[in-house]
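The block underneath contains the structure these notes are about, expressed in structure tokens.
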Amino acid sequence: MIQLIKGFKDILPGEVETWQRIERVARNLFGDFGFKEIRIPIMEKTELFARSIGEDTDIVEKEMYTFPDRKGDLITLRPEATASICRSYVQHKLYAQEPVRKFYTIGPMFRRERPQKGRYRQFYQINVEIFGVASARVDAELIYLLNILCQRLGVEDVAAHINSLGCPKCRPGFKTSLLNYIDSVADQLCSDCLRRKDRNPLRVLDCKVPTCREAMTDAPSIIDCLCDTCDTEFQILQSTLDRLGVNYMLDKRLVRGLDYYTRATFEIQTGSLGAQSAVAGGGRYDGLVKLLGGPDTPATGFAIGFDRLAEIVQMQGDDLQRKPDAYIAAMGEQSQALAFDWVCDLGSQGFYIEMDHQGRSLKSQMKRANRLDAPYVVMLGQNELDSGAAVLRDMATKEQTEIPLERLVQAIVKRSQKK
Ligand code: HAM
């Protein structure tokens with residue numbers, strides 16, 4: 001038997017209804033806040049991700065699915081969507097039509113990480129990005145959106161963590177003091193940290209190796225090094241969140257795993273998923289559009305780990321599978337043919353009807369109807385065909401009604417509409 005690739009997974013009926021529900025709720029919410037859907041390709045030139053996410057990050061160094069196409073050009077399965085959306089924004093000059101653009105996209109991403117619960121090599125993200133607004137108020141709007149989405153999905157065990165990563169003006173000063181600290185604990189750091197520290201000391205703060213985390217406990221905080229503008233924006237973020245009634249905590253270690261961030265960064269974390277605590281992550285990336293050849297444009301956004309959110313929602317035990325509106329227990333070839341016509345007729349009118357095609361006994365068909373939780377069962381055999389009326393059983397009340405065959409479709413419609 002050929003099995004699926006390690007770290008990839010099927011989303012089966014039973015789970016998929018949760019995914020559909022999340023997507024429905026998210027699309028409605030984003031629509032209410034003026035976001036438009038954008039669809040971007042699954043593959044891009046490798047250079048796009050290397051430049052945007054940063055050469056020193058885990059994603060670019062170790063996790064990308066990169067390969068030469070038949071002409072030898074290096075292409076990569078997208079590990080995230082922000083770089084592609086920025087590429088599209090620049091390529092199609094989307095800034096020229098409207099000063100503020102708000103997009104969302106939903107789809108699979110690929111990272112060759114070590115698979116475990118909540119961490120996959122193909123995973124899905126719900127991405128939201130805003131271009132053209134510099135104010136931290138919209139960073140707060142994004143966190144508010146995440147909050148509302150969780151509320152609407154009944155997800156409670158979540159907390160917003162926020163931090164600021166400063167800007168090209170104040171970050172160099174912070175990097176210097178961070179590097180001094182790193183050098184003082186260098187003997188406790190892993191080889192990745194030692195290799196990256198001089199080029200990008202912030203990456204050391206993001207290292208997941210427990211001894212590195214321990215060694216970095218007393219590292220300086222960027223919050224103490226922010227320039228006046230960054231400090232003011234960070235205050236605006238917090239006061240807006242306060243006004244919107246969003247709970248959050250300051251998290252000075254939150255540097256995120258991608259290099260493009262400036263100022264506000266945030267994550268929605270949960271205790272429900274073991275080691276994989278981040279359900280969503282994002283922040284401001286004011287320099288990325290320019291880096292990719294576009295005009296100097298402030299931008300901010302987030303991505304929700306769809307798989308993780310679906311796992312949490314599923315733990316709540318929702319049974320969202322569509323149940324039949326009725327089951328037709330047809331016995332004999334002629335009854336099956338008639339039942340099949342009814343199934344198609346009712347299906348075309350928006351009613352889901354199940355039937356048996358294998359000529360099983362009435363008893364086993366009633367069992368199946370029960371298992372499928374069908375509220376009504378129509379019993380149709382040679383006697384019913386001869387008498388011109390079938391029996392319709394209400395499975396909850398056990399009440400049985402005889403209905404003329406020509407009125408049966410109508411009777412099912414009437415009862416299903418009432419439910
Ligand atoms: P990220 O933190 O790399 O950010 O990913 C966002 C979310 O995707 C994570 O919080 C997590 O829930 C989910 N995720 C990441 N890797 C995996 C995985 N291997 N398996 C399952 N879920 C995963 C970004 O990707 C940024 N582009 C977010 C952003 C948008 N920033 C600004 N705009």
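Source: prediction; values computed, not measured. Residue numbers run from 1 in the order of the sequence given.
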In this structure, which one of L226, I222, T176 forms a side chain to side chain contact (heavy atoms under 4.5 Å, CB included) with R171?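 Of L226, I222, T176, side chain to side chain contact (heavy atoms under 4.5 Å, CB included) with R171 is met by I222 alone.
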
For [X], does the [atom1] atom sit with more than 12 other heavy atoms under 6.0 Å from it, leaving out its own atoms?
{"X": "F340", "atom1": "CZ", "answer": "no"}
{"X": "K36", "atom1": "NZ", "answer": "no"}
{"X": "N247", "atom1": "CG", "answer": "no"}
{"X": "Q97", "atom1": "CD", "answer": "yes"}
{"X": "E47", "atom1": "CD", "answer": "no"}
{"X": "E156", "atom1": "CD", "answer": "no"}

When you measure from the side chain of [X] to the backbone of [Y], do you find a donor-acceptor pair of N or O atoms at a distance under 3.5 Å?
{"X": "T232", "Y": "C230", "value": "no"}
{"X": "E233", "Y": "A136", "value": "yes"}
{"X": "R415", "Y": "Y376", "value": "no"}
{"X": "R152", "Y": "V25", "value": "no"}

Will you find, in the side chains of [X] and [Y], an N or O donor that is under 3.5 Å from an N or O acceptor?
{"X": "T105", "Y": "N127", "result": "no"}
{"X": "Q365", "Y": "R360", "result": "no"}
{"X": "Q349", "Y": "D345", "result": "yes"}
{"X": "T76", "Y": "Y65", "result": "no"}

Between K102 and F131, is NZ or CZ placed under 6.0 angstrom from the six-membered ring centre and within 45° of the ring axis? no

I want to check something: taking the side chain as every heavy atom from C-beta on, are [X] and [Y] in contact at a cut-off of under 4.5 Å?
{"X": "Q125", "Y": "F123", "result": "yes"}
{"X": "L165", "Y": "T262", "result": "no"}
{"X": "V377", "Y": "L392", "result": "no"}
{"X": "M216", "Y": "V204", "result": "yes"}
{"X": "V409", "Y": "F351", "result": "no"}
{"X": "R243", "Y": "Y144", "result": "no"}

Would you sort out whether E267 and R256 count as a salt bridge (Lys or Arg N to Asp or Glu O under 4.0 Å), showing the intermediate values? CA-CA 9 Å; E267 270 182 13; R256 315 265 304 117; 2.9 Å; yes

Please, which pairs that meet ring pair (Phe, Tyr, Trp, His ring centres under 6.0 Å) have at least one residue in residues 22-48, sequence neighbours excluded?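 Residue pairs passing ring pair (Phe, Tyr, Trp, His ring centres under 6.0 Å), neighbours aside: F30-Y104.
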
What pairs of residues pass the ring pair (Phe, Tyr, Trp, His ring centres under 6.0 Å) test when at least one of them lies in residues 219-254, not counting sequence neighbours?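 Those involving residues 219-254 do not exist here.
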
Charged N-O contact under 4.0 Å between [X] and [Y]:
{"X": "E113", "Y": "K62", "value": "no"}
{"X": "E37", "Y": "R27", "value": "yes"}
{"X": "R284", "Y": "D139", "value": "yes"}
{"X": "E129", "Y": "R101", "value": "no"}
{"X": "R195", "Y": "E61", "value": "yes"}
{"X": "R121", "Y": "E63", "value": "no"}
{"X": "R78", "Y": "E44", "value": "no"}

Ring pair (Phe, Tyr, Trp, His ring centres under 6.0 Å), that's the test. Do Y95 and Y89 meet it? Break it down for me. CA-CA 7 Å; Y95 46 83; Y89 181 80; 5.6 Å; yes

Between atom CE of M395 and atom CG of D373, what is the distance when rounded to the nearest 0.5 Å?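 If I round to the nearest 0.5 Å, the distance is 9.0 Å.
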
How many angstroms lie between atom CD of Q358 and atom OG of S364, to the nearest 0.5 angstrom?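 If I round to the nearest 0.5 Å, the distance is 9.5 Å.
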
Go through the steps to decide whether S272 and D157 satisfy the test side-chain hydrogen bond (donor to acceptor under 3.5 Å, both in side chains), and finish with yes or no. CA-CA 7 Å; S272 305; D157 180 21; 2.9 Å; yes

Hey, mind stepping through E354 and R368 against salt bridge (Lys or Arg N to Asp or Glu O under 4.0 Å) and telling me if it holds? CA-CA 10 Å; E354 268 299 342; R368 183 163 169 236; 3.2 Å; yes

For R196, run the salt bridge (charged side-chain N to carboxylate O under 4.0 Å, His left out) check against D206, D58, D56 and tell me which one passes.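 Result for salt bridge (charged side-chain N to carboxylate O under 4.0 Å, His left out) with R196: D58.
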
Pair D183-K197, salt bridge (Lys or Arg N to Asp or Glu O under 4.0 Å): steps then yes or no: CA-CA 9 Å; D183 284 336; K197 73 177 172 64; 3.0 Å; yes

Return the minimal non-hydrogen interatomic distance between F174 and C225, and the atom names on each side. CD1-SG, 3.8 Å

